[in-house]
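Quantities reported herein were computed from a predicted structural model and do not represent experimental measurements.
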Amino acid sequence: MLSSFLLRPHLLTLHQTSTDHPPPFQPNSSSSRRPEGHRNPPPHDQGRMNSSSEKVAAGEVNNIENADSKAGSKVGSDVHRSPADFGFTPEQEKAILRRVDRRLVLTVGAMYCISLMDRTNLGAANIAGMGVDLVLIGNRYSLISLLFFVTYIIFQPPSTILVRKIGPRLHLAAITVLWGAVMIGMGFVVNWEQMAGMRLLLGVLEAGFFPSAVYLLSTWYTRYEVGKRNAVFYLIGSCASAFAGILAYGIMQMKGLADMNGWRWIFVIEGIITCVLGLVGYWLLVDFPDSKRESWSFLGPTEKEWICARVNADRGDVKVQEFSIKKYLGAGLDWKIWAYAMIFFNTTTVTYALAYFLPIILNLELGFSVGEAQCLVAPPYAFAAIVIYLSGWIGDKYHVRGPVIVGNIILCMIGLPIMGFAKSSAVRYFGVFFVTAGANANVSTALSYQANNIRGQWKRAFCSATFVMFGGIGGIAGSLVFRGEDAPHYRPGLYACIATSGLTLILVGLLSLSFYRSNSAADRGEKELEADGDEDYEPGFRYTY
């Protein structure tokens, strides 16, 4: 139901060209500096278009694209052109962005959905018989859960460099097919040591997907459009968590087929689905907007130049400078990069803890049967999907990120004590809704928070890698906080989740104070923000609270 809702056209009209991005910078002009005290650009107002004009606009865009293809225009030939110079009507602009939304956001969202499903299906497999067959006594289950993140963390930093060199189509599609093959292999292991080895290999292959996808998304949209796109990207991914339990329960019924237990079929069937999606993704994925590599049946050169121009007007970092290891690693000297990463660590500690242990907690602690536990995972994630999209919509509309993160953290801190200490199982399950919604909504909001407040392609690449790397470390923490010896109440795990949520509040407060001081100094003309020695930067950048 939720996945079909996501595909409805009205939800895909995510952009609001006039309201979701600030007015363009005006290089070498005194007007490029906003008035003192005005740090976030006000929205403009434009009219809506009706359905018939959408069809006309789409046809006009296609005509322009065909003309561009024949002309062989050079993408990115002049990144300093204003978006208005291209002569597109508002209807044509919206039609172009809708095409990007459908091809980019939906494709990477679907691939991320299967990625999350593949890395977090251990909980479903464990209560379906894997724990017995592989003798997962003591901390063996926690160990095979966390081993994935060892290689997942190590192999992330090179990914954002590699995806720029060979392109996202080849990079993302290839690793998806390969980790699908590993998933199939996991259905045939005979002991827990082999499962541990397969999880290590799965981490190597999945390491490149999330940071590359986040980086790719951030290059196509302006700062106040990316929030809703990140929300839908992660919302589609969260469908994995919502319905993976139900899917796993259905696959479990294949128990006995080919003399295989039900948990083995979970890995085999989901691995096959992953391989198929990886092959399809090769044709549907798109490249960076400034790239000269072709994408199958997509935008023409003029449309891509327009995308580059509007992103450059928004934050001035479309031009990709020559790779320099010094410049790439030098981004690590900015303390804010690590603050963003730590916020993501805190967030993923809670989300992975829920993904790995919620079916087990529902089964062992709250007393639900195996089938009930598998299916009761879905409703909290369905509720989380609503909060995820609302968080992205509010952030884009009002040009804020930190306050949205704080609001979601409050949801977590309300839900965690209810989940851990209430007497009734029904009340404790009610608390799961708040924790699941708050934690998962902050994944996409934190992505937008860091994307809005950095500038420069290689700094963005470094930040994406470190950000997701710390998310992987959070996955290790999440796989350890709910220990077997703490069953059935898992109080240390609950305390750890409360502590990480409190730390996020502190970090957002520190960043907001830093942003206020920096923006004030920039408004007084004392400094340019996020210039970092880049001779090509555009003036007028301001941090988003």
Side-chain angles (χ1 to χ4, degrees), residues 3 6-7 103-126 128 130 144-145 147-149 151-152 155-156 159 163 168-189 194-195 197-214 216 233-252 254 257-258 260 262-285 352 355-356 374 377 381 468 472 475:
S3 58
L6 289 172
L7 296 176
R103 281 290 295 273
L104 178 58
V105 180
L106 288 185
T107 303
V108 295
M111 295 175 76
Y112 183 55
C113 175
I114 204 69
S115 170
L116 274 181
M117 188 181 297
D118 290 346
R119 79 179 69 164
T120 60
N121 55 13
L122 279 181
N126 193 53
M130 182 182 72
I144 64 172
S145 297
L147 281 175
F148 165 86
F149 293 100
T151 49
Y152 183 74
F155 287 91
Q156 277 181 358
S159 172
V163 74
R169 290 182 66 201
L170 178 60
H171 179 60
L172 298 182
I175 60 176
T176 301
V177 171
L178 290 173
W179 91 59
V182 171
M183 284 292 300
I184 295 171
M186 289 168 66
F188 297 95
V189 299
Q194 291 178 358
M195 179 62 78
M198 297 298 278
R199 290 281 293 177
L200 283 169
L201 183 55
L202 186 67
V204 173
L205 296 169
E206 284 207 41
F209 183 82
F210 194 61
S212 298
V214 170
L216 178 63
F233 163 65
Y234 187 71
L235 191 154
I236 298 172
S238 70
C239 291
S241 300
F243 298 105
I246 297 174
L247 176 62
Y249 181 70
I251 297 174
M252 281 168 51
M254 298 174 66
L257 187 64
M260 291 171 59
W263 68 268
R264 296 185 181 275
W265 282 112
I266 292 175
F267 291 121
V268 172
I269 297 299
E270 292 182 1
I272 293 172
I273 295 172
T274 301
C275 290
V276 171
L277 191 58
L279 293 172
V280 173
Y282 178 76
W283 281 275
L284 294 183
L285 283 166
Y352 278 116
Y356 284 128
Q374 298 280 34
V377 170
Y381 283 98
V468 180

Over all atoms of both residues, closest heavy-atom pair of G180 and C275: C-SG, 3.6 Å

Considering all heavy atoms, the nearest P211-Q156 contact: CG-CG, 4.2 Å

With L284, the side chain to side chain contact (heavy atoms under 4.5 Å, CB included) member among L104, V108, T107, L277: T107

Side-chain heavy-atom pair M130, L122 within 4.5 angstrom cut-off: yes

Distance (rounded to the nearest 0.5 Å) between M260 CE and F188 CZ: 4.5 Å

Main-chain N/O of L147 paired to R199 side chain as donor or acceptor, under 3.5 Å: no

Parallel, tilted or perpendicular: rings of Y352 and F149 (30°, 60°): perpendicular

Interatomic distance, I184 atom CD1 to F267 atom CZ [nearest 0.5 angstrom]: 12.5 Å

Rounded distance (nearest 0.5 Å) linking atom CE of M183 with atom CD1 of I266: 9.5 Å

Minimal non-hydrogen separation, T176 against L172, with atom names: OG1-O, 2.7 Å

Student check: side-chain heavy atoms of L205 and V182 closer than 4.5 Å: yes

Between CG on residue L201 and CD on residue E206, distance to nearest 0.5 Å: 10.5 Å

Residues in side-chain contact (heavy atoms from CB on, under 4.5 Å) contact with V177, at least two apart in sequence or another chain: L279

Any donor-acceptor N/O pair, T151 side chain to L200 backbone, under 3.5 Å: yes

side-chain contact (heavy atoms from CB on, under 4.5 Å) assessment of Y249 paired with V377: CA-CA 11 Å; Y249 181 70; V377 170; over 6 Å; no

Shortest non-hydrogen separation from M111 to G281 and the atoms involved: SD-CA, 4.3 Å

Nearest-0.5 Å distance, CE of residue M195 to CG of residue L202: 10.0 Å

Pairwise distance CH2(W179) to CE(M198) - rounded to 0.5 angstrom: 15.0 Å

Closest non-hydrogen atom pair between S159 and S212, with its separation: OG-OG, 2.7 Å

Distance-minimising heavy-atom pair for W263 and A125: CB-O, 3.5 Å

4.5 Å side-chain heavy-atom contact, M117 and I273: no

Partners meeting salt bridge (charged side-chain N to carboxylate O under 4.0 Å, His left out) with E270 (sequence neighbours left out): none

Backbone of L257 reached by a side-chain donor or acceptor of W265 within 3.5 Å: yes

Test item: D118 and F148 side chains (from C-beta on) under 4.5 Å apart, heavy atoms: no

